[in-house]
Structure formats: structure tokens, C-alpha cells
Protein chains: 2
Amino acid sequence: MKKVPEATIRRLFYYYRCLKNDHSESPKYICSDTLGNKTGIKSTLLRRDLSFFGHMGHKGKGYQRDELENKLKNIMGIDQQHEIALIGAGNIGKALVKYKKFRELGLYITEIFDNDLDKIGRRVGGYIVKNVKYLKESLEKNNIKIVILAIDEEESDEIITQLQEIDIKAIWNLSSAQLDLDQNVIIIKEDLCCSLGSLICKMNN
Amino acid sequence: MKKVPEATIRRLFYYYRCLKNDHSESPKYICSDTLGNKTGIKSTLLRRDLSFFGHMGHKGKGYQRDELENKLKNIMGIDQQHEIALIGAGNIGKALVKYKKFRELGLYITEIFDNDLDKIGRRVGGYIVKNVKYLKESLEKNNIKIVILAIDEEESDEIITQLQEIDIKAIWNLSSAQLDLDQNVIIIKEDLCCSLGSLICKMNN
DNA sequence: TAGATTGTTAATCGATTAACAATC
DNA sequence: TAGATTGTTAATCGATTAACAATC
């Protein structure tokens with residue numbers, strides 16, 4: 001099978017969410033034009049995206065809603081629950097713990113770590129913030145393979161060194177730190193400062 | 001002058017931040033190889049990016065640090081302060097108000113709005129949450145042209161209609177709502193659910 | 001059969017990389 | 001002058017779009 005492009009992967013979620021949120025249910029089928037309009041993605045691109053995963057539609061009819069929703073869920077791996085560890089119990093970290101929509105996707109933050117003694121031991125969204133020095137031990141014990149990194153730059157070096165020693169599969173990096181880990185750890189970087197900065201820059205250019 | 005590519009704009013901020021945070025100052029010049037390594041961007045791409053804005057470097061020497069930092073600041077438009085309005089005083093919104101790094105860039109959230117009566121009137125990070133029905137009035141009065149949208153999906157339709165009537169320049173859309181506004185409003189969408197969802201999807205593919 | 005719509009192939013567009021002449 | 005490094009041009013890569021044959 002051909003390699004699925006990065007850009008396609010990012011769009012799968014939009015298709016999925018649109019189907020999930022659209023409870024009008026009644027027409028059993030939805031065509032690429034309709035789903036494309038709702039998600040703001042051209043229908044031809046949508047069809048191409050979906051075709052990477054085999055024949056998902058029905059010629060002359062469109063895509064069967066339930067079927068497509070379930071297939072997408074399965075492809076994205078959110079048909080099962082995932083436990084996630086959060087490193088950094090600052091403002092952003094705390095907001096993420098309380099963010100309901102992750103849970104709707106079966107994504108649960110069940111461990112919270114920080115290196116700030118003021119934060120360790122406190123309760124955030126029902127979980128007690130642990131000392132980051134127990135990170136490795138705790139992730140291995142609970143078999144957690146996904147990490148959200150929401151630390152401040154100042155704390156980063158120490159924590160990045162620790163991360164290198166743990167067998168994790170994926171990191172959602174919300175910090176400004178640049179991670180140079182093992183090739184086979186999936187990393188998505190979401191740099192809020194950079195994003196807002198780009199907005200101002202675009203305004204100016 | 002040639003149109004600056006989207007991708008270039010996003011990278012300018014990395015170059016800028018790297019220079020700003022690197023207080024080792026001592027060598028007056030930094031070459032594209034060094035700055036490229038620090039930011040994780042190939043030096044040839046970096047040079048191409050910068051060249052869109054004229055001759056920024058000095059052949060045989062590299063880029064003069066202060067000069068480049070200031071030019072970038074000027075190009076991005078963060079050499080002056082910007083006031084920003086936040087719509088949505090939920091978990092994410094509150095975290096953004098308290099986020100120090102925006103202020104370091106001269107970006108200040110000075111108005112906060114919500115449509116939830118429980119939130120209106122409360123204080124978040126020193127500012128009182130206003131009723132979103134005063135949005136237009138308040139932004140015009142204070143001449144605010146930049147909006148951060150951090151609302152829940154449920155509230156979105158009403159608020160988006162309101163946004164259409166206001167003369168704003170840029171929106172940083174952290175909600176899952178799809179905005180179809182005037183062509184000349186700059187919009188950057190940062191969809192946290194989609195981003196974390198893509199991470200799980202990449203793990204699976 | 002006629003109409004609708006998918007899935008695929010080729011063409012286009014945009015972004016990155018490689019190569020290197022210009023020049024400090 | 002020799003070495004270093006920029007800025008630019010051409011080549012490559014990857015993503016989107018247009019066109020359309022296949023088929024329900």
C-alpha cells in the first residue's frame with residue numbers, strides 16, 4: 001500500500017468529527033461534495049484522501065455514514081481508549097486535563113507530572129501531580145506510551161534527557177522545546193507562541 | 001517583490017526566537033548553518049526564507065545577530081505592541097490570558113468575552129469577563145483588531161454571526177468552528193483536538 | 001438506460017533541496 | 001589571494017486539482 005501523506009492524516013480527523021457531530025443521520029449516504037462542503041475541503045481531495053485506505057464509498061451513492069465513521073475511527077486508532085501522561089501542570093497543562101473533548105475521543109490524561117515542588121502533590125482535575133523524577137517508573141508501570149509535553153522552556157533540558165530513556169511511542173509537544181529523539185517516536189509540535197506570532201506576521205505581510 | 005510563502009512566514013518566528021533567547025551574544029555574527037542547526041531548519045532553506053526580505057546577511061561572515069533580530073521583529077510586526085480580545089473564558093481561554101510568553105512578544109489580551117452568565121463579571125487574570133453582546137461596541141471603542149476565539153462548539157453560531165459584523169484584521173481560531181469570513185481577515189486555525197487526534201492516527205499508520 | 005458519484009491518472013502548483021556563482 | 005558564506009537559479013519532491021473512465 002502507498003504511503004499515506006502527512007496532509008491526508010491531518011484531514012482524516014475533520015471528516016470523522018463532521019460525521020460524528022452530524023446527528024441528522026437520516027440520509028444513510030453522504031457524498032463527497034456534501035462532506036467536502038461541511039469540512040471546507042474540496043471533494044476531489046477528500047475522495048483521494050479516503051482512497052488511500054481502500055474503497056470506502058459506493059459509486060453512484062456516496063459514502064455510507066456509519067460505515068465511514070467507523071472505518072475512520074478504526075484507521076485513526078481512536079476506536080480504543082488511550083491513556084496519556086501530561087508533563088507540566090502549568091496553565092496550559094491544567095486546561096488540557098479539564099478539556100472534555102479529548103475524553104470524547106477516548107483519550108484520557110491519567111498521569112500528571114511536574115518538577116515544581118509547589119505543584120507536586122496538588123490535585124489537578126482529579127489527579128495528583130507527581131514528581132517528574134518518577135516519570136519512567138510510572139509510565140512503565142502503567143504501560144503509558146503517549147506523552148503530552150506542556151513545560152516551560154526553563155525546565156526543558158532535564159526533562160528531555162529523561163524522556164530519551166523511556167520507551168514511548170508518541171509525544172504531543174506543546175512546549176517550545178525542540179525534541180531530537182529516536183526516529184521512531186512520533187512527534188507533533190504545536191507551538192502556541194509561534195502560531196499566534198505567525199498570525200501577527202501574516203497581518204503585516 | 002515576490003509573494004512570501006506561507007511556510008516561510010511560519011519559520012520566521014523560529015529564527016527570531018532563537019536569536020532572542022541566545023544571550024551568548026559574543027560572536028557578533030551567526031551563519032546560516034549555525035542558526036539552522038539550532039532551529040532544526042536546513043541552512044539553505046533558512047537563507048532562502050530570509051532572502052525574501054532583501055539582503056539580510058553579509059557574505060563571508062553570516063548574519064549580524066542584533067540586526068537580524070531587529071529586522072525579523074520589524075517584518076513580523078512585533079516591534080510594536082498589540083492588544084487582543086479573547087472570546088471564551090473557559091479552561092483554554094483562561095490559560096491563554098495567564099500565558100506569559102505572549103506578553104513577551106508584545107501581545108496583550110486586554111478584553112475577555114463570554115456568553116455564559118456564570119462567567120460574565122468574574123475576573124480572569126486581572127480583567128473582568130464581559131458579555132459577548134458588547135463585543136462589537138467594545139472592540140470598536142478600544143480599536144482592537146485581533147481576536148482569539150476559544151469558544152466551545154455549542155456557542156459558536158451566535159458568536160460567528162457577530163464576528164462578521166465587526167471590522168477585524170485577524171483571528172486566531174482555537175475553537176473547532178469553521179469560519180467563513182471575509183477574504184481579507186487573516187485566520188489561523190489551531191485545532192487542539194485535531195492535532196492530538198492526528199498524533200494518535202500517525203501512531204497507527 | 002440515464003444520472004450520480006466514486007476512485008484513479010495526469011497536470012499543476014507550491015515548497016524544499018542541491019548546486020554554485022558572487023563577493024566579503 | 002584563499003576561505004567562508006550568502007543569495008539565487010534549476011532540479012526535485014510532495015500535495016492539490018482537473019479530468020474522466022468505471023460503475024452502481
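To find a chain, count down the sequence lines: A is the first, B the second, and so on, and within it residues start at 1.
Pair assignment for C/dC20 gives D/dG7, based on Watson-Crick or G-U wobble hydrogen-bonding distances that are each under 3.5 Å. Base pairing analysis places C/dG14 opposite D/dC13; the two distances defining the Watson-Crick or G-U wobble pair are each below 3.5 Å.
Nucleic acid contact class of B/R10 (heavy atoms, under 4.0 Å, all strands): none. Backbone-only contact: B/S32 has heavy atoms under 4.0 Å from sugar-phosphate atoms and none from a base. Note on B/T8: nothing from the nucleic acid sits closer than 4.0 angstrom, heavy atoms only.
The nearest whole Å value for the distance from the NE2 atom in B/H58 to the C1' atom in D/dA4 is 15 Å. Going from atom CG of A/L45 over to atom P of C/dG14 covers 15 Å, rounded to whole Å.
Here C/dA18 is the nucleotide among D/dT9, C/dA18, D/dA19 with the atom lying nearest to any side-chain atom of B/T44. The side chain of B/K59 sits closest to D/dT6 out of D/dT6, D/dT8, C/dG7. Nearest nucleotide to the B/C31 side chain, out of D/dA10, C/dT6, D/dT6: D/dT6. Of all nucleotides listed (C/dT6, D/dA15, C/dT16), D/dA15 comes nearest to the side chain of A/E6.
With rounding to the nearest 0.5 Å, the separation of CG in A/N205 from CD1 in B/I9 is 5.0 Å.
Put simply, B/K42 has a side-chain N or O that comes within less than 4.0 Å of OP1 or OP2 on C/dT17.
Remark: B/R11 engages B/D49 in a salt bridge, criterion side-chain N to carboxylate O under 4.0 Å. Salt-bridge check for B/E6 with A/K202: passed, with a basic side-chain N closer than 4.0 Å to an acidic carboxylate O.
Two rings, from A/Y29 and A/H58, have their centers less than 6.0 Å apart.
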